[in-house]
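The structure appears right after this line, and notes come after that.
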Amino acid sequence: MKMSIKAPKGTRDILPDEIHKWHYVEEKFSEICKRFGYREIRIPVFEHTELFERGVGDTTDIVQKEMYTFFDKGGRSITLRPEGTAGVARSYIENGMASWPQPVKLFYNITAYRYENVQKGRYREFHQLGVELFGSAKPDADVEVISLLYLFLESVGIRGLSLNLNSIGCPSCRAEYNRILKAFIEPKLERLCEDCKNRYQRNPLRILDCKEQGCINELQGIPYLLDHICDDCAEHFEKVKEKLTAMGIPFTVDKKIVRGLDYYNRTVFEFVSKNIGSQGTVCGGGRYDGLIESVGGSPTPGIGFALGIERLLLEMDSQGINVPLPPSPDIFVGVIGDKANLFAENLALKLRAGGITCHKDIMERSVSAQMKYANKLNARFVVIIGDNEVESGKVELKDMSTGETRMINIDTLQDRLKKFKQVNS
RNA sequence: GUGGGUGUAGCUCAGUUGGUUAGAGCGCCAGAUUGUGGCUCUGGAGGCCGUGGGUUCAACUCCCACCAUUCACCCCA
């Protein structure tokens with residue numbers, strides 16, 4: 001390799017040939033969000049490290065080992081955002097959104113950064129589409145957010161993802177459950193894996209998530225949080241399920257999902273695929289009623305989700321979903337000779353100013369080579385400008401799909417192309 | 001952090017038990033066609049064979065280390 005500098009591990013270029021897929025899902029997402037009354041927010045790529053320690057939770061893997069953290073030249077500890085919710089919550093507080101009409105409904109399209117080993121569907125720089133809804137603690141909010149996600153996935157053509165749903169209760173029922181859980185695990189603790197022994201101390205809930213066969217065997221009959229949540233939480237969850245069912249949104253209750261971020265409470269959910277490798281979670285989210293408070297605001301309920309664009313695109317590929325290709329250039333303007341060149345340049349500029357997508361030769365190649373190039377560009381029409389054309393004011397307009405040509409006045413070229421575009425759009 | 005797979009041209013890949021000057025297809029450039037694309041044909045550019053060390057008369061080929069990449073564990077989007 002001559003070029004020895006490569007993109008850092010876990011990052012990649014999104015090249016022109018695939019950018020239309022990104023635009024497609026990003027535009028669809030924006031459109032659906034707006035239809036639900038959400039407005040876009042843009043937040044910084046980096047924040048004070050403390051925001052994530054408090055917001056995401058310092059027992060989480062993300063904070064413990066996955067953050068891109070550095071000191072800036074002013075000696076501040078700065079972290080590249082590992083997700084979007086904490087930053088949006090910070091912005092909510094900082095900009096006094098509590099005094100906006102409630103609820104506050106936001107969406108975003110961000111990059112995020114986590115220092116992890118790379119594998120299919122997982123990168124160190126990745127892209128998320130997300131929604132955050134602040135101010136409503138009602139089941140209706142949960143349902144609105146989930147239905148937005150559902151409609152979005154449907155609108156890009158995705159079928160057959162499973163929506164998994166769970167409730168992980170509130171801090172008070174979780175404290176109660178932790179006692180029950182610890183009592184159940186305590187006698188078996190010696191036989192569990194190292195990770196689980198750690199989890200037992202730090203965050204016993206996560207033991208439910210363990211994939212070690214030994215632990216799974218050992219923990220047969222483990223009590224699930226869902227079976228021990230308080231009456232209020234249970235009622236909330238029941239209403240969410242009822243409404244989803246009534247709206248025809250299929251889901252399955254999965255008592256094992258706990259979500260890896262500390263800020264979640266009550267409803268948690270994810271859309272999971274079986275076809276895109278072991279990182280099958282296309283999007284995940286949940287309610288986070290304690291988050292705003294834990295990063296310094298007054299108590300404010302909230303719920304949201306984040307969707308991995310890379311994984312969404314993998315899933316769309318695996319389902320063979322066709323994304324419309326970007327439109328071809330309207331015309332290629334070829335050139336013969338120096339005198340005609342300036343004329344052609346002016347013509348091209350006029351066409352472009354008039355809204356026509358136009359390529360012009362800037363290689364001084366042979367006509368034959370220019371035609372080959374125009375063909376590769378998939379240009380709809382070609383004109384060649386030489387001394388004849390400059391003198392006569394007429395050009396041969398060639399339709400590249402049929403090969404037919406037609407002599408026309410240069411003055412009428414722009415109108416013809418515009419009309420053609422209208423008819424064919 | 002741990003384990004497995006893979007590193008040869010821009011891309012996809014051949015390369016014999018180790019044996020002269022490392023190949024194909026696609027792509028790129030030019031010409032056949034001195035003012036008109038697609039098909040065809042001809043030619044050209046493009047390689048530290050991932051890097052470093054070792055074995056050998058001889059290494060793309062065998063051995064070791066490192067690096068990169070990929071899949072998986074963990075965890076998550």
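Here is the naming used below: chain letters follow the sequence lines, and residue numbers restart at 1 for every chain. Values reported hereafter were calculated over all heavy atoms of this structure, with side chains retained and with hydrogens, waters and symmetry mates removed.
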### Task
Using the C1' atom as the reference point in each nucleotide, state the distance between C49(B) and A59(B) in Å, no decimals.
11 Å

### Query
What is the ring orientation for Y263(A) with Y288(A), classed by angle as parallel under 30°, tilted 30 to 60°, or perpendicular over 60°?
perpendicular

### Task
Dump the intermediate steps for salt bridge (Lys or Arg N to Asp or Glu O under 4.0 Å) on E186(A) and K182(A), then the final yes or no.
CA-CA 6 Å; E186(A) 207 270 321; K182(A) 282 189 156 181; over 6 Å; no

### Task
Give me the ring orientation class for Y150(A) and F271(A): parallel if the planes are under 30° apart, tilted from 30 to 60°, perpendicular past 60°.
tilted

### Query
When the P atoms of A9(B) and G50(B) are considered, how many whole Å apart are they?
8 Å

### Task
Go through C73(B), G31(B), A77(B) for me and flag the one nearest to the Q128(A) side chain.
A77(B)

### Query
Given atom CD of Q370(A) and atom P of G38(B), what is their separation to the nearest angstrom?
14 Å

### Query
Is the phosphate of C29(B), meaning OP1 or OP2, less than 4.0 Å from a side-chain N or O of K376(A)?
yes

### Ring centroids of F126(A) and A77(B) base under 5.5 Å with planes under 30°
yes

### Summary
Ranking A7(A) and R114(A) by the position along RNA chain B of their nearest nucleotide, the one closer to 5' is A7(A)

### Query
Hey, which of these two, S366(A) or N117(A), hits RNA chain B nearer its 5' end, going by closest nucleotide?
N117(A)

### Task
Would you mind checking if E389(A) and K394(A) are paired as a salt bridge, meaning a charged N to carboxylate O distance below 4.0 Å?
no

### Task
For nucleotides C13(B) and U8(B), find the distance between their C1' atoms and express it as a whole number of Å.
9 Å

### Short N-O contact, R35(A) and E31(A), less than 4.0 angstrom
yes

### Query
When all nucleic acid strands are considered with a 4.0 Å heavy-atom cut-off, which category describes Y123(A): base, sugar-phosphate, or nothing?
base

### Query
Taking CZ from R122(A) and P from G1(B), how many angstroms apart are they, rounded to a whole number?
14 Å

### Pair K418(A) + D330(A): basic N to acidic O under 4.0 Å
no

### U69(B) phosphate, OP1 or OP2, under 4.0 Å from K9(A) side-chain N/O
yes

### Message
Let's see if you can work this out: which of U70(B), A72(B), A77(B) has an atom nearest to the side-chain heavy atoms of V118(A)?
### Response
U70(B)

### P-based separation of U12(B) from A30(B) [nearest Å]
25 Å

### Message
So G121(A), base contact, sugar-phosphate only, or nothing? Heavy-atom distance under 4.0 Å.
### Response
base

### Task
Identify whether any heavy atom of A306(A) sits under 4.0 Å from a base atom; if not, whether one sits that close to sugar-phosphate; answer base, sugar-phosphate or nothing.
sugar-phosphate

### Query
So T267(A) and S167(A), side chain to side chain donor-acceptor pair (under 3.5 Å) or not? Walk me through it.
CA-CA 4 Å; T267(A) 312; S167(A) 174; 5.7 Å; no

### Message
I'd like to know if E396(A) and K398(A) make a salt bridge, using a cut-off of under 4.0 Å between side-chain N and carboxylate O.
### Response
no

### Task
Indicate, with a heavy-atom threshold strictly under 4.0 Å, whether G403(A) touches base, sugar-phosphate, or nothing.
base

### Task
Inspect the contact between E47(A) and R81(A) and indicate whether a charged nitrogen and a carboxylate oxygen are less than 4.0 angstrom apart.
no

### Summary
From CG of D61(A) across to P of C73(B) the rounded distance in Å is 15 Å

### Task
For the pair D58(A) and Q64(A), evaluate side chain to side chain donor-acceptor pair (under 3.5 Å) and give the outcome as yes or no after the intermediate values.
CA-CA 6 Å; D58(A) 45 22; Q64(A) 282 187 350; over 6 Å; no

#### Entry: Distance between C1' atoms of G7(B) and U51(B) (Å, rounded)
11 Å

### Query
D399(A) CG to G38(B) C1': how many Å, rounded?
14 Å

### Query
In whole angstroms, how far is the C1' atom of U70(B) from the CZ atom of R124(A)?
14 Å

### Query
Could you state the OH-C1' distance from Y263(A) to A77(B), rounded to the nearest angstrom?
11 Å

### Query
If we take the C1' atom in both G52(B) and A68(B), what is their distance in whole Å?
14 Å

### Task
May I ask you to evaluate whether R365(A) reaches the phosphate of C29(B), defined as a side-chain N or O under 4.0 Å from OP1 or OP2?
yes

### Query
U70(B) and U33(B): how far apart are their C1' atoms, nearest whole angstrom?
47 Å

Extract from the structure each pairing of a protein N or O with an N or O of nucleotides 32-36 of chain B at less than 3.5 Å, listing the distance.
residue : atom : partner : partner atom : Å
G35(B)  : O6   : N388(A) : ND2          : 2.9
G35(B)  : N1   : E389(A) : OE1          : 3.0
G35(B)  : N1   : E389(A) : OE2          : 3.2
G35(B)  : N2   : E389(A) : OE2          : 2.5
U36(B)  : O2'  : K398(A) : NZ           : 3.3
U36(B)  : O4   : E396(A) : OE1          : 3.1

### Query
Taking OP1 and OP2 of C71(B), is either one under 4.0 Å from a side-chain nitrogen or oxygen of Q119(A)?
no

### Query
If you measure from the C1' atom in G53(B) to the same atom in C48(B), how many Å do you get, rounded?
16 Å

#### Entry: Side-chain donor/acceptor contact of Q279(A) with base of C71(B) under 3.5 Å
no

### Query
Thinking salt bridges, do D289(A) and R266(A) make one under a 4.0 Å N-O criterion?
no

### Summary
Separation of U70(B) atom C1' from K6(A) atom NZ, nearest Å, is 13 Å

### Message
Give the dot-bracket line for RNA chain B from 5' end to 3' end: parentheses for intra-strand Watson-Crick or G-U pairs under 3.5 Å, square brackets for crossings, | for inter-strand pairing, dots for unpaired.
### Response
(((((((..((((.....[...)))).(((((.......))))).....(((((..]....))))))))))))....

### Under-4.0 Å salt bridge between E144(A) and K105(A)
yes

### Rounded distance (Å) that lies between atom P of A77(B) and atom CZ of F269(A)
11 Å

